[in-house]
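A note on names: the letters A, B, ... follow the listed sequences, proteins ahead of strands, and every chain is numbered from 1.
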Number of protein chains: 2
Amino acid sequence: MPDDRTTRAVIRDEALRLFAEHGPEVVTIRQIATAAGVSPGLVVHHFRSKDNLRQEVDQYVLTVFEGLLSELTGDGSGAFEGTGAATATLGEVFLRHLPVGSPLPGYLRRLLLSNTDAGRGLFRRLYAVSRETLDALAESGAASRGNDPQVRAALLLVNDLSVFLLRDQLTAVLGVDPLSAAGLARLGPELLTIYAAGLNADPPEPQADADPPAPQAEGGQA
Amino acid sequence: MPDDRTTRAVIRDEALRLFAEHGPEVVTIRQIATAAGVSPGLVVHHFRSKDNLRQEVDQYVLTVFEGLLSELTGDGSGAFEGTGAATATLGEVFLRHLPVGSPLPGYLRRLLLSNTDAGRGLFRRLYAVSRETLDALAESGAASRGNDPQVRAALLLVNDLSVFLLRDQLTAVLGVDPLSAAGLARLGPELLTIYAAGLNADPPEPQADADPPAPQAEGGQA
DNA sequence: CAGATCGCTGAACGAGTGTTTAGTCTGCTG
DNA sequence: CAGCAGACTAAACACTCGTTCAGCGATCTG
């Protein structure tokens, strides 16, 4: 049994993959049909139009992503667990729950940057999560809300998202995918160091230029 | 004197504006021609093809941007001047040297995310600047290189770029354009606070420099 | 078993694409 | 003045796009 998905689901998945990789405007119905091994007419038969297919894939991706997101807000464990703050956690969620070559991060990237209602809604949702997370951190004493909590939450969010928007470029210059296990292991500690004590804190270990060193660094000062 | 640019320059500028706003794949030669007030044939007459026009606009934007960038590396004044670290400075450069509605930030955004050689080259260039800036900060004692200077420079860079990639979304949730004077005045101090002492530092007394923090308000709009 | 339904294909249609071509107008130069 | 080069337009080209449509074959259903 090679594939137990319905043909409709196969088309949806291939559209998702191609949309994530090249952008919905560039991908044609014929490309989707070829990738799914069906005729172009069948794509329109199952989904009424290309635009409707796109909206359906949007909704599907948002539903899946909401499921992943529930882990962030669901469990009562501290948001600082593991490596980073709320920032690194998004990458961790992806790494833990998605297969390695999943097109979902790429699709969410397009969505966030797409100037559509779906993209704006997604960002608002993430911003709300970021604000809640910052509040929780402040409640537990793990972090301060800062002078301008709205701005602080936004900065923490976009810093997290940037790793994810510029994934390919970071992979090129660092030599490691920031959304892989190795990438998170390398980026997480450095980010935690900055969040813990700012840029002025002394590195605990002798500094070498390119090395994946020990995580912990402490020593708060102004 | 209505316009002293050559028709060729007008076409280039309109293409730049439309490419920045909608993306080069979506924009048609006829749209560019209409915006420039000429016939579609003339666009091809001046630039050999649409792809060649796109490359020429790429090159033009990169040249202009390199001019802006030279201010960052050119003057010997501390990179920490004004509000933020190397991160906020990119936004300041845009604000200082570009007219308010300039399409250049939008075009650079597309370029950075475009999966082209030009985009990858641009990111490598910015990464090199970020590394140099971090080195300079470390030399002057204003910041530490951290345990992994490559990663630290990359994180500072992408954090700066994120404000810029997610400009519209941030404007939506914060109610202020982060690349405007008001936006920089609001984001800069918060970012500086984090970079100075991390997330745990107590909020200092209201800044004498930039005025309005928004302490506890919910759902900020203006 | 007749008939309706559904998944599915192949071919076609109209619209829009980038590009080409023929030709007009204007200004410069021998 | 003749002619020529360049800016510029209108029309057409070949092509691809999203979408429509008639029909085929299998699977239910009464």
*Partners of H22(A) by side-chain hydrogen bond (donor to acceptor under 3.5 Å, both in side chains), sequence neighbours excluded?*
none
*How would you list, by chain and number, every residue that makes a side-chain contact (heavy atoms from CB on, under 4.5 Å) with Q169(B), sequence neighbours excluded?*
F123(A), L166(B)
Please output the side-chain donor-acceptor pairs of residues 171-179 of chain A that fall under 3.5 Å, not counting sequence neighbours, one pair per line with the distance.
from    : atom 1 : to      : atom 2 : distance (Å)
T171(A) : OG1    : R167(A) : O      : 2.8
D177(A) : OD1    : R167(A) : NE     : 2.9
D177(A) : OD1    : L179(A) : N      : 3.0
D177(A) : OD2    : R167(A) : NE     : 3.3
D177(A) : OD2    : R167(A) : NH2    : 2.7

*Sequence neighbours excluded, every pair satisfying salt bridge (Lys or Arg N to Asp or Glu O under 4.0 Å) that has a member inside residues 106-118 of chain A*: D117(A)-R120(A)
*Residues forming a side-chain hydrogen bond (donor to acceptor under 3.5 Å, both in side chains) with E66(B), sequence neighbours excluded*: R125(B)
Ignoring hydrogens and angles, write down the donor-acceptor pairs under 3.5 Å from the side chains of residues 41-54 of chain B, residues two or more places apart or on other chains.
from   : atom 1 : to     : atom 2 : distance (Å)
S49(B) : OG     : N52(B) : N      : 3.2
K50(B) : NZ     : P24(B) : O      : 3.1
K50(B) : NZ     : V27(B) : O      : 2.7

*How close or far is atom C1' of dT19(C) from atom CZ of F47(B), stated in whole angstroms?*
16 Å
_Please classify the nucleic acid contact of V43(A) as base, sugar-phosphate, or nothing, using heavy-atom distances under 4.0 Å._
nothing
*Using a heavy-atom cut-off of 4.0 Å to chain B, what are the terminal contacting nucleotides of DNA chain D, in 5' to 3' order?*
dA7(D) to dA12(D)
*Helical stems, DNA chain C - three or more consecutive Watson-Crick or G-U wobble pairs below 3.5 Å*: C:1-30 with D:1-30
*Tell me, which pairs form a side chain to side chain donor-acceptor pair (under 3.5 Å) where one or both residues lie in residues 9-19 of chain A, sequence neighbours left out?*
R5(A)-D13(A), E14(A)-R17(A)
*By nearest nucleotide on DNA chain D, pick out whichever of V26(A) and R48(A) is the more 5' one.*
V26(A)
*Could I get the full list of salt bridge (Lys or Arg N to Asp or Glu O under 4.0 Å) partners for D168(B), not counting sequence neighbours?*
none
*Pairs in or reaching into residues 161-183 of chain B: which pass ring-ring contact (aromatic ring centres under 6.0 Å, His included), with residues at least two apart or in two chains?*
F94(B)-F164(B)
_Using a 4.0 Å heavy-atom cut-off to protein, can you give one letter per nucleotide of nucleotides 3-14 of chain C, 5' to 3': B if the base is in contact, S if only the sugar-phosphate is, - if neither?_
----BBB--B--
*Can you see which heavy atom on A153(B) is nearest to which on L134(B), and at what distance?*
N-CD2, 3.8 Å
